Chemist: 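My structure is below; once you've seen it, I'll send some questions.
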Amino acid sequence: MSLLRVGILASGNGSNFQKIVDESEKGELPAKVVVLLSDRSDAFVLQRARNHQIPTYVVKPRDFSSQEEYEEKMIEILNQHCVQLVVLAGFMKILSPRFIRAFKDKVINIHPSLIPAFCGKGFYGMKVHQAAIEYGVKISGATVHFVNEDVDAGPIIIQKAVLVSDDDTPETLAEKVHRVEHEILPEAIRLFALGKLQIRGRRVIVKE
Ligand code: GAR
């Protein structure tokens with residue numbers, strides 16, 4: 001069976017990136033990471049990609065005269081690598097409708113909360129866990145969803161919850177959430193690769 005060609009966009013540490021690459025290399029995922037794009041030249045994820053001989057590109061918005069040109073560059077790179085699925089794995093920039101349309105129903109994102117809680121503009125990375133702890137929720141978790149033209153609002157593919165305990169801090173909650181992210185993001189890629197995901201309005205049906 002041919003492997004799904006995955007392009008990953010990431011801004012930081014890249015533990016989700018690593019998990020996908022590891023599962024793919026072990027033959028546990030019908031997918032192959034063919035390119036990594038980052039908006040930050042100091043992102044550790046770049047090193048992780050180089051360790052696995054995966055081509056990397058740093059594409060920074062400020063190096064372009066407009067958002068359009070910046071995204072055009074990313075679209076060009078992803079197309080050069082014949083990417084069939086774009087995975088946002090800790091990518092901290094918001095993509096315009098133009099980018100999303102270029103890869104319609106082929107962009108997925110991992111978000112570190114149970115959407116629709118603690119999501120949307122301004123909720124990313126540790127800010128999400130800080131907000132969850134401050135609010136006092138007893139359950140948080142992670143969500144993988146298709147990306148549409150609204151921030152963190154596309155159809156949900158998988159969610160998994162974690163319990164928040166009284167002594168959790170944003171840091172310990174982030175660790176718990178990362179553990180479930182590392183399960184559900186590869187699983188969502190697997191389902192996509194196997195053609196099992198069907199979008200029906202706001203819902204994603206997982207076919208048998
Ligand atoms: C993950 O928790 C991911 O859900 C979050 O950034 C972290 C990246 O971790 N993404 C967002 O907040 C996007 N809005 P990683 O670099 O170790 O994969």
Side-chain angles (χ1 to χ4, degrees), residues 6-25 29 31 33 35-52 54 56-59 61 74 85-96 99-100 107-135 137 139-164 168-189:
V6 174
I8 298 190
L9 273 56
S11 303
N13 175 27
S15 69
N16 280 289
F17 170 88
Q18 189 70 58
K19 190 69 179 20
I20 296 162
V21 170
D22 290 347
E23 287 207 12
S24 163
E25 288 186 351
L29 209 57
V33 180
V35 65
L36 168 78
L37 276 71
S38 183
D39 56 319
R40 296 186 58 126
S41 42
D42 60 349
F44 184 62
V45 68
L46 291 163
Q47 189 53 50
R48 292 184 189 267
R50 288 185 203 114
N51 292 344
H52 293 266
I54 293 167
T56 62
Y57 297 83
V58 176
V59 189
M74 292 202 290
L85 174 69
V86 178
V87 177
L88 311 184
F91 186 63
M92 302 306 179
K93 291 274 178 298
I94 292 173
L95 295 165
S96 77
F99 182 97
I100 305 308
V107 185
I108 66 172
N109 179 46
I110 178 97
H111 183 79
S113 73
L114 294 176
I115 288 174
F118 310 116
C119 63
K121 214 161 179 276
F123 284 107
Y124 56 87
M126 286 304 290
K127 287 178 195 280
V128 176
H129 305 301
Q130 260 149 15
I133 295 283
E134 274 166 28
Y135 198 92
V137 291
I139 295 174
S140 191
T143 303
V144 185
H145 63 93
F146 281 106
V147 177
N148 67 9
E149 300 185 5
D150 301 312
V151 182
D152 295 334
I156 292 171
I157 303 169
I158 312 181
Q159 297 189 293
K160 191 155 185 180
V162 302
L163 294 178
V164 182
D168 264 328
T169 62
E171 289 72 24
T172 60
L173 179 56
E175 270 175 46
K176 286 183 186 174
V177 170
H178 263 112
R179 257 176 258 138
V180 298
E181 289 186 342
H182 297 165
E183 292 172 35
I184 67 174
L185 186 53
E187 179 59 14
I189 295 171

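Order of appearance sets the numbers: ligands from 1, and atoms from 1 within every ligand. Counting begins at 1 with the first residue of the sequence. Values in this document were obtained by computation on a predicted structure and should not be read as measured data.
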Chemist: Which atoms of ligand 1 sit under 4.0 Å from any heavy atom of G125?
Modeler: 11 (C), 12 (O)

Chemist: May I have the step-by-step check of side-chain contact (heavy atoms from CB on, under 4.5 Å) for I108 and L88, ending in yes or no?
Modeler: CA-CA 6 Å; I108 66 172; L88 311 184; over 6 Å; no

Chemist: Looking only at protein heavy atoms, which one is nearest to atom 7 (C) of ligand 1, and what is the separation?
Modeler: H178 NE2, 4.0 Å

Chemist: Could you check whether any heavy atom of M92 sits closer than 4.0 Å to an atom of ligand 1, since that is the contact criterion I want to use?
Modeler: yes

Chemist: Sort and list the pairs that fulfil salt bridge (Lys or Arg N to Asp or Glu O under 4.0 Å) and have at least one residue in residues 7-25, not counting sequence neighbours.
Modeler: K19-E23, E23-R190

Chemist: Say whether Y124, considering both its backbone and side-chain N or O atoms, lies within less than 3.5 Å of an N or O atom on ligand 1.
Modeler: no

Chemist: Minimum distance, heavy atoms only, to atom 5 (C) of ligand 1: which one of S113, P112, G122, A142 is it?
Modeler: P112

Chemist: H52 vs Q18, test: side chain to side chain donor-acceptor pair (under 3.5 Å). Steps then yes/no.
Modeler: CA-CA 10 Å; H52 293 266; Q18 189 70 58; 3.1 Å; yes

Chemist: Compare V180, I110, L185 and give the one whose heavy atom is closest to atom 13 (C) of ligand 1.
Modeler: I110

Chemist: What residue and atom, counting heavy atoms only, is the protein's closest point to atom 8 (C) of ligand 1, and at what distance?
Modeler: G90 CA, 3.6 Å

Chemist: Does any N or O atom in E181 lie less than 3.5 angstrom from one in ligand 1, N or O only?
Modeler: yes

Chemist: Side chain or backbone, does S15 bring an N or O within less than 3.5 Å of an N or O on ligand 1?
Modeler: yes

Chemist: Out of G120, G14, G12, S11, whose heavy atom is nearest to atom 16 (O) of ligand 1?
Modeler: G14

Chemist: Can you check which of K121, H182, K19, H111 brings a heavy atom nearest to atom 14 (N) of ligand 1?
Modeler: H111

Chemist: Assess the side chains of S15 and H182: does a donor N or O sit below 3.5 Å from an acceptor N or O?
Modeler: yes

Chemist: Can you tell me which residue pairs pass the salt bridge (Lys or Arg N to Asp or Glu O under 4.0 Å) test with a partner in residues 147-156, sequence neighbours excluded?
Modeler: R101-E149

Chemist: List the steps and the verdict of side-chain contact (heavy atoms from CB on, under 4.5 Å) for L173 and I133.
Modeler: CA-CA 8 Å; L173 179 56; I133 295 283; 4.1 Å; yes

Chemist: For atom CD1 of I94, decide whether the heavy atoms of other residues, nucleotides or ligands shown that lie under 6.0 angstrom number more than 12.
Modeler: yes

Chemist: What is the distance from atom CZ of R48 to atom CD1 of I54, rounded to the nearest 0.5 Å?
Modeler: 11.5 Å

